[in-house]
Amino acid sequence: MKERWVLLRKGADFAGIGKKFHISPRLACLIRNRDIVGDEQIENYLYGTIADLGDGMLMKDMDRAVEILMEKIREGAPIRIIGDYDIDGVCATYILLEGLKGLGAVADTDIPDRITDGYGLNRHLIDRAFEAGTDTIITCDNGIAAAEEIAYGKGLGMTVIVTDHHEVPFDEEDGEKKYHLPPADAVVDPKRTDCSYPFKGLCGAAVAYKLMEALYEAMGKDSSDIDYLMEEVAFATVGDVMDLTGENRIFVRQGLEMLQSTSNLGLRALMECTGIDRKMVNTYHIGFVLGPCLNASGRLDTAKRALALLEAGAKQEADVLAGDLKALNDSRKEMTEEAVRQAAEQVEHTEAGRQKVLVLYLPDCHESLAGIVAGRIRERYCRPVFVITDSGEMAKGSGRSIEAYHMYEEMNKCRNLFVKFGGHKLAAGLTLKKENIEKFRQDINAVCTLTETDMTEKVSIDMQMPFSCVTEELLEELKLLEPFGKGNTKPVFAEKNVSIVSCRLIGKNRNMLRMRLCDGAGTDMDAVYFGDAVGFLEEVGERYGKTVRDHFFEGGYRRIRLSVTYYPGVNEYMGQKTMQIVVTHYQIV
């Protein structure tokens with residue numbers, strides 16, 4: 001895949017910022033590259049705490065939601081929490097349940113089944129609540145697009161509160177957006193255009209947490225009683241791939257700290273079961289190890305199992321549930337690999353793969369895996385991707401987008417083709433009739449305005465830095481930028497005119513490289529490349545010829561010069577620590 005390397009050159013008084021905030025000018029430059037400007041933003045970025053989080057009462061309808069819940073709790077009216085089947089929905093459900101129970105509410109939960117119920121509220125769930133004698137429904141991580149279902153619930157005499165973080169549905173008339181809020185008694189969603197809450201990037205669990213915090217304060221309780229639920233907010237924020245900026249950064253930093261000594265038996269069991277040291281848990285572990293186990297429950301079984309893990313009251317119960325979720329996730333990984341292979345085949349060998357927006361029909365793919373597969377294909381080809389699966393009478397799909405393409409807005413241009421759809425800029429879900437799949441592929445591409453540049457992976461480089469600057473002191477200082485994730489990625493350093501001193505294949509499948517590199521100033525550095533070693537060798541062959549490629553590991557590498565992007569790290573081996581770099585991208589020169 002083609003790449004565009006761009007060196008960021010954002011100016012500021014780095015020496016002055018460094019002096020004021022007791023950091024190096026280099027770190028000041030890295031912070032400026034993340035568009036953190038002004039003393040208040042820098043202070044908050046580096047040292048923000050719970051005290052810097054906004055007041056949830058600033059959210060539109062928060063006062064109304066609090067008022068209703070106070071009344072229902074006093075009356076002892078049964079409240080049903082209806083969440084979603086992903087990590088954000090499960091964590092949000094748990095937060096509302098714990099919070100409401102802590103106030104003496106009569107509360108229970110329901111989570112839709114991905115296959116039989118589909119996403120969000122539906123009549124079946126409302127009927128189930130009504131038949132159980134439920135007085136009030138409160139949604140989390142869903143509900144903003146469920147106008148008809150909510151109207152149905154209201155018609156049965158139920159009170160409905162929506163808490164969500166997804167985009168508000170709209171129609172576009174003459175370039176004007178006309179938004180449609182559901183007819184609930186209260187709609188708490190920071191994405192509402194009339195919501196004055198300053199930070200719009202919260203996940204569903206964070207909105208649920210804000211509601212509980214406001215409710216505790218209004219009922220004269222200490223809201224710090226539910227601080228421990230920030231663990232779940234952190235889990236959901238990372239797992240739902242929200243930007244780690246503003247309040248999300250504080251939630252995740254705080255939540256990770258709490259997770260190190262968590263008293264939640266389910267989370268402890270899951271970390272133990274997956275071999276993660278609690279004291280070292282970070283965003284990578286949530287995003288790629290723990291989170292997928294919680295998500296696998298809603299994908300291949302029922303998300304109620306993931307909720308049961310969070311609620312587990314005994315170690316033995318927690319251990320069994322954690323083992324089940326890990327096994328489900330292992331199975332999910334195998335199914336995903338096969339579906340990704342089939343999707344890539346379509347991109348490489350069919351007409352669908354020649355279009356800017358990839359609409360891939362994989363009838364045999366488990367519908368719950370469509371989003372993961374779409375994400376993997378997007379990464380490989382740097383194009384917006386919809387993966388559509390056979391769901392019996394209908395086809396269901398998930399989309400994952402690139403930065404230059406607002407998926408939800410583009411789908412709105414084809415809205416007449418969908419039975420149901422929703423989402424935001426970078427991800428979406430849809431249901432449509434099978435006979436409309438080809439029409440959707442044609443129409444979504446007919447309105448697409450992406451350019452070749454938009455579909456070229458952009459590698460943003462923070463700074464050129466010689467290997468001599470890779471020190472333990474630098475690594476320690478870089479920790480101030482954590483937690484890393486979407487919206488706050490690890491800094492990218494680069495160096496050119498790099499030669500290879502030695503090189504060997506490593507890894508179980510012998511598909512990664514361990515190298516010793518030397519920069520233009522003559523500094524040697526251990527390096528590891530976790531990417532595609534075969535692809536690297538093929539490029540060597542194209543640039544330097546077959547002979548160099550065939551004799552690469554016998555010294556052919558001595559002729560090669562590289563430009564590399566990298567991140568500094570430490571290699572620990574047999575109790576010895578040495579500095580190394582992790583090469584993330586390369587160009588053979």
Side-chain angles (χ1 to χ4, degrees), residues 5 7-8 23-24 26-27 29-31 33-34 46 238 244 249 252-253 256-257 260 274-290 459-496 498-533 536 557 562-587:
W5 286 22
L7 182 62
L8 299 172
I23 56 176
S24 69
R26 177 173 279 121
L27 203 77
C29 174
L30 294 174
I31 290 170
N33 283 351
R34 277 141 188 75
L46 286 170
V238 176
L244 295 191
R249 189 174 160 71
V252 173
R253 190 193 277 157
L256 284 172
E257 206 175 293
Q260 293 178 10
T274 51
I276 291 167
D277 178 354
R278 263 207 329 273
K279 301 291 178 202
M280 307 294 287
V281 67
N282 60 29
T283 51
Y284 172 83
H285 298 129
I286 294 175
F288 295 96
V289 185
L290 302 167
V459 180
S460 295
I461 296 165
D462 282 285
M463 61 180 68
Q464 187 175 346
M465 188 170 79
F467 295 161
S468 58
C469 296
V470 177
T471 61
E472 283 189 44
E473 292 73 33
L474 172 71
L475 260 188
E476 198 55 40
E477 195 176 37
L478 289 176
K479 286 180 183 172
L480 284 170
L481 304 181
E482 293 177 0
F484 296 126
K486 182 171 172 280
N488 187 53
T489 52
K490 282 184 174 182
V492 177
F493 301 102
E495 188 57 310
K496 54 188 178 183
V498 172
S499 57
I500 302 174
V501 179
S502 64
C503 185
R504 60 190 170 90
L505 286 167
I506 57 166
K508 191 169 69 174
N509 300 318
R510 317 288 290 157
N511 58 349
M512 297 177 282
L513 296 172
R514 177 165 289 287
M515 300 176 276
R516 185 113 180 125
L517 300 179
C518 181
D519 68 11
T523 305
D524 280 11
M525 179 64 62
D526 285 335
V528 62
Y529 175 60
F530 294 117
D532 176 13
F536 175 81
Y557 51 72
L562 303 170
S563 291
V564 295
T565 65
Y566 68 89
Y567 186 78
V570 172
N571 181 33
E572 289 191 41
Y573 183 67
M574 310 262 297
Q576 290 281 93
K577 285 186 179 182
T578 52
M579 297 306 295
Q580 70 172 14
I581 61 170
V582 176
V583 173
T584 50
H585 298 83
Y586 64 85
Q587 289 179 346

Tell me if a side-chain donor or acceptor on Glu477 pairs with a main-chain N or O of Ser24 at a distance below 3.5 Å. yes

Could you label the plane-to-plane angle of the Phe484 and Tyr567 rings as parallel, tilted or perpendicular, counting under 30° as parallel and over 60° as perpendicular? perpendicular

Give, for atom OG1 of Thr565 and atom CD of Gln464, the distance between the pair rounded to the nearest 0.5 Å. 12.5 Å

If we only count heavy atoms from C-beta on, is the Arg249 to Arg253 side-chain gap below 4.5 Å? yes

Hey, does Asn33 have a side-chain heavy atom less than 4.5 Å from the side chain of Met463? no

Heavy-atom closest pair, residues Pro483 and Leu244: O-CD1, 3.9 Å

Test side chain to side chain contact (heavy atoms under 4.5 Å, CB included) applied to Met525 and Tyr566, step by step: CA-CA 12 Å; Met525 179 64 62; Tyr566 68 89; over 6 Å; no

So, taking the atom named CG in Asp526 and the one named CG in Asn571, what distance separates them when rounded to the nearest 0.5 Å? 7.0 Å

With rounding to the nearest 0.5 Å, note down the distance linking OG in Ser460 to CG in Leu7. 9.5 Å

Any side-chain heavy-atom pair from Leu562 and Val583 closer than 4.5 angstrom? no

ring-ring contact (aromatic ring centres under 6.0 Å, His included) partners of Tyr586, counting only residues at least two apart: Tyr529, Phe536

Shortest non-hydrogen contact from Pro466 toward Glu495: CA-OE2, 3.2 Å

Spell out, as yes or no, whether a donor-acceptor pair under 3.5 Å connects the side chain of Arg510 to the backbone of Leu505. yes

Measure the CG-CD distance between Asn282 and Gln260 for me, rounded to the nearest 0.5 Å. 10.0 Å

Does the side chain of Val459 come within less than 4.5 Å of Thr584's, by heavy atoms? no

After noting the C-alpha distance and the side-chain angles of Leu517 and Asp519, does the key distance pass the side chain to side chain contact (heavy atoms under 4.5 Å, CB included) rule? CA-CA 7 Å; Leu517 300 179; Asp519 68 11; over 6 Å; no

Where is the tightest heavy-atom contact between Met280 and His285, given as atom of each residue plus distance? O-CE1, 3.5 Å

Looking only at non-hydrogen atoms, find the nearest pair between Leu475 and Gly569 and report the distance. CD1-C, 3.8 Å

Tell me the closest heavy-atom pair linking Val498 and Phe467, and the distance in Å. CG2-CZ, 4.1 Å

When you look at Arg26 and Leu474, which way does the side chain to side chain contact (heavy atoms under 4.5 Å, CB included) test go after all the steps? CA-CA 9 Å; Arg26 177 173 279 121; Leu474 172 71; 3.9 Å; yes

With sequence neighbours excluded, tell me which residues meet ring-ring contact (aromatic ring centres under 6.0 Å, His included) with Tyr284. Phe288

Residues Val501 and Tyr557: closest non-hydrogen pair is O-CE1, 3.3 Å

N/O donor-acceptor pair under 3.5 Å between Ser563 side chain and Gln587 backbone: no

Nearest 0.5 Å, what's the CZ-CZ distance between Arg504 and Arg516? 12.0 Å

To the nearest 0.5 Å, how far apart are CG in Leu46 and CG in Leu480? 6.0 Å

Determine whether Ile286 and Leu256 make a side-chain contact, defined as any pair of heavy atoms from C-beta on separated by less than 4.5 Å. yes

Taking Asn488 for its side chain and Leu481 for its backbone only, find out whether a donor-acceptor pair lies under 3.5 Å. yes

With a 4.0 Å cut-off, would you call Arg34 and Asp462 a salt bridge? yes

After noting the C-alpha distance and the side-chain angles of Thr523 and Val470, does the key distance pass the side chain to side chain contact (heavy atoms under 4.5 Å, CB included) rule? CA-CA 10 Å; Thr523 305; Val470 177; over 6 Å; no

Below 4.5 Å, heavy atoms only, C-beta onward: do Leu27 and Leu478 meet side chain to side chain? yes

